[in-house]
Number of protein chains: 2
Amino acid sequence: MPAIKIEPSYSIGEFADLVHLSAPTIRYYESQGLLKARRTTNGRRYFTTADIKWVKFLLHLKGTGMSISDLKQYVTWRAMGDGTIPNRLALLEKTQADFTKKYREVQHHLEILTDKINWYRQKEAGKTAGREPFADYLEKLGHEE
Amino acid sequence: MPAIKIEPSYSIGEFADLVHLSAPTIRYYESQGLLKARRTTNGRRYFTTADIKWVKFLLHLKGTGMSISDLKQYVTWRAMGDGTIPNRLALLEKTQADFTKKYREVQHHLEILTDKINWYRQKEAGKTAGREPFADYLEKLGHEE
DNA sequence: GATTGACTTAAAGTCCACTTTAAGTTGTAA
DNA sequence: TTACAACTTAAAGTGGACTTTAAGTCAATC
């Protein structure tokens, strides 16, 4: 029995598959300072389960609209220790506020799209006698603009 | 009293302001076939209230993720008459399906972001003794990954 | 021991949706 | 009538986030 548990390690190709990114994208992220890869003696990158968790979290942040440079700022602060928690918190709160605003906007776009789809369906079914303009239809639904 | 109501008409600059786009963007959209501008005798574009409605609708579609070329396809079918309603309906339904999927994904990203913000707040308040890893915190909330 | 596939780097290329530039024309106000 | 803002065109430039290319190294299999 080994006294210590051996952490699995992954080549860049394996790692890329695990986080559903391409190997060049991983290298690009590393070049941007979003992650750090360890190296084998002959210079090849390898990654651990902790890296997988980190990248997955990064992708969540990215998914809420943070740019690479926002993420880089976050990472920089993170590396500086707990003293920068207020900075990180402020950055995430701003991201959250911006994203929530956009989220409400696209929700409205989706409502209009859905209205239009239903309007076409009614039109196809001959229920509007093919005549009611979409604007009138929207107004009837209370979805102006 | 005039016998007919005169439709207001807008120069490209006025029109751009009304729909919150730039004049070059309006020209670009026209060049892509997304809208048609009428011209004065000396070649200047002018627009009407119908154009405003159309652009606003276009922007809703765009807001749900339709690309310029998707929109162009839609416009082309629209110009061909009611025979293409099934085509347009299918395009909008696909847009809706794709968008709904993305919408759910970003919703999840937002949840993780919110969890992280709350985790930082607790950490700042000294409530986790500065020790509970974020992964554990997530797990407690049932928000894995 | 030769081939194959995965890795290494730096740099150039791609895509989309605009935006900016350049060079010129036109309409209105002082 | 001269200034100036707003318009016209075609073409080139921008930004972000990768992706692709080129040229080479390394490890494992036949």
Side-chain angles (χ1 to χ4, degrees), chain A residues 8-48 51 55-56 58-75 91 95 98-99 102 105-106 109, chain B residues 8-48 51 55-75 95 98-99 102 105-106 109:
Chain A
S9 86
Y10 307 100
S11 72
I12 193 167
E14 292 164 336
F15 183 64
D17 287 349
L18 286 167
V19 298
H20 309 295
L21 294 172
S22 69
T25 300
I26 302 293
R27 291 191 195 99
Y28 170 69
Y29 282 0
E30 191 190 10
S31 79
Q32 299 307 299
L34 304 191
L35 53 92
K36 269 194 286 289
R38 254 122 299 143
R39 301 286 182 139
T40 63
T41 46
N42 48 60
R44 297 202 168 181
R45 292 173 182 82
Y46 69 90
F47 302 86
T48 68
D51 296 318
V55 168
K56 285 188 173 175
L58 264 189
L59 292 177
H60 283 304
L61 294 188
K62 212 170 151 307
T64 60
M66 285 180 80
S67 64
I68 299 288
S69 77
D70 284 340
L71 292 171
K72 190 180 178 151
Q73 175 63 272
Y74 181 83
V75 170
L91 177 56
T95 300
D98 292 351
F99 185 71
K102 267 201 179 172
E105 284 165 8
V106 300
H109 295 318
Chain B
S9 87
Y10 307 101
S11 71
I12 193 168
E14 292 164 337
F15 183 65
D17 288 347
L18 286 167
V19 298
H20 308 295
L21 294 172
S22 70
T25 299
I26 302 293
R27 292 192 195 97
Y28 171 69
Y29 282 0
E30 191 190 10
S31 79
Q32 299 306 299
L34 304 192
L35 53 91
K36 269 192 287 288
R38 255 121 297 144
R39 300 287 182 139
T40 63
T41 45
N42 49 60
R44 298 201 166 181
R45 291 173 182 82
Y46 69 91
F47 302 86
T48 68
D51 296 318
V55 169
K56 285 187 173 174
F57 176 59
L58 265 189
L59 292 178
H60 283 305
L61 294 187
K62 214 171 149 308
T64 59
M66 285 180 80
S67 65
I68 299 288
S69 77
D70 284 340
L71 291 171
K72 190 180 178 151
Q73 176 64 273
Y74 181 83
V75 170
T95 300
D98 292 351
F99 184 72
K102 268 201 179 173
E105 284 165 9
V106 300
H109 295 318

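Labels below follow one simple rule: chain letters A, B, ... track the order of the sequence lines, proteins then strands, and each chain is numbered from 1.
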Trainee: Could you give the OH-to-C1' distance, from A:Tyr46 to D:dC26, as a whole number of Å?
Mentor: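 That distance rounds to 18 Å.
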
Trainee: Could you check A:Phe15, A:Tyr28, A:Tyr29 and say which one makes a side chain to side chain contact (heavy atoms under 4.5 Å, CB included) with A:Leu21?
Mentor: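 It is A:Tyr29, the one option of A:Phe15, A:Tyr28, A:Tyr29 that forms the side chain to side chain contact (heavy atoms under 4.5 Å, CB included) with A:Leu21.
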
Trainee: Write down the distance between CD (A:Gln32) and P (D:dG16), rounded to a whole number of angstrom.
Mentor: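 From A:Gln32 CD to D:dG16 P: 11 Å.
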
Trainee: Please state how far atom CZ in B:Phe15 lies from atom P in D:dC7, giving the value in whole angstrom units.
Mentor: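 B:Phe15 atom CZ is separated from D:dC7 atom P by 13 Å.
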
Trainee: Mind calculating the distance between CD (B:Glu14) and P (D:dA5) to the nearest angstrom?
Mentor: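 In whole Å, D:dA5 P and B:Glu14 CD are 17 Å from each other.
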
Trainee: Return the NE2 to CE distance between B:His109 and A:Met66, rounded to the nearest 0.5 Å.
Mentor: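 The distance works out to 13.5 Å.
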
Trainee: Does OP1 or OP2 of D:dA17 have a side-chain N or O of A:Arg27 closer than 4.0 Å?
Mentor: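 No.
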
Trainee: Side chains of A:Arg39 and A:Arg45: does their closest heavy-atom pair fall under 4.5 Å?
Mentor: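 In short, these two side chains touch, coming nearer than 4.5 Å.
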
Trainee: Please confirm whether the shortest side-chain N or O distance from B:Arg45 to OP1 or OP2 of D:dT8 is below 4.0 Å.
Mentor: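 For D:dT8, OP1/OP2 do have a side-chain N/O of B:Arg45 under 4.0 Å.
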
Trainee: Given that A:Glu30 and A:Arg44 both sit by DNA chain C, which one's nearest nucleotide is further toward the 5' end?
Mentor: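 Whichever sits nearer the 5' end wins; that is A:Arg44.
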
Trainee: Taking the side chain as everything from C-beta on, heavy atoms only, tell me whether B:Leu35 gets closer than 4.5 Å to B:Val55.
Mentor: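 Yes - at least one pair of side-chain heavy atoms lies under 4.5 Å apart.
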
Trainee: From CZ of B:Phe47 over to P of D:dC7, roughly how many Å is that when rounded to an integer?
Mentor: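 Those two atoms, CZ and P, are 10 Å apart.
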
Trainee: Do the side chains of B:Leu61 and B:Thr95 get nearer than 4.5 Å, heavy atoms only?
Mentor: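 They are not in side-chain contact.
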
Trainee: List the steps and the verdict of side chain to side chain contact (heavy atoms under 4.5 Å, CB included) for B:Ile68 and B:Lys62.
Mentor: CA-CA 8 Å; B:Ile68 299 288; B:Lys62 214 171 149 308; 4.2 Å; yes

Trainee: What is the distance, rounded to the nearest whole Å, between atom CZ of B:Arg38 and atom C1' of D:dC7?
Mentor: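 Rounded to whole Å, this separation is 18 Å.
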
Trainee: When every nucleotide of nucleotides 14-20 of chain C is labelled 5' to 3' by its protein contacts under 4.0 Å (heavy atoms), B for base, S for sugar-phosphate only, - for none, what sequence of letters results?
Mentor: ---BBSB

Trainee: Between C:dG27 and B:Asn42, is there an OP1 or OP2 to side-chain N/O distance shorter than 4.0 Å?
Mentor: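 So the side chain of B:Asn42 is within the cut-off, an N or O lying under 4.0 Å from OP1 or OP2 of C:dG27.
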
Trainee: Which nucleotide in the set D:dT9, D:dC7, C:dC7 lies at the smallest distance from any side-chain heavy atom of B:Ser11?
Mentor: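 Taking heavy atoms from C-beta onward, the closest nucleotide is D:dC7.
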
Trainee: Taking the side chain as C-beta and beyond, is there a heavy-atom pair between A:Leu18 and A:Phe47 under 4.5 Å?
Mentor: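 No, every pair of side-chain atoms sits at 4.5 Å or beyond.
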
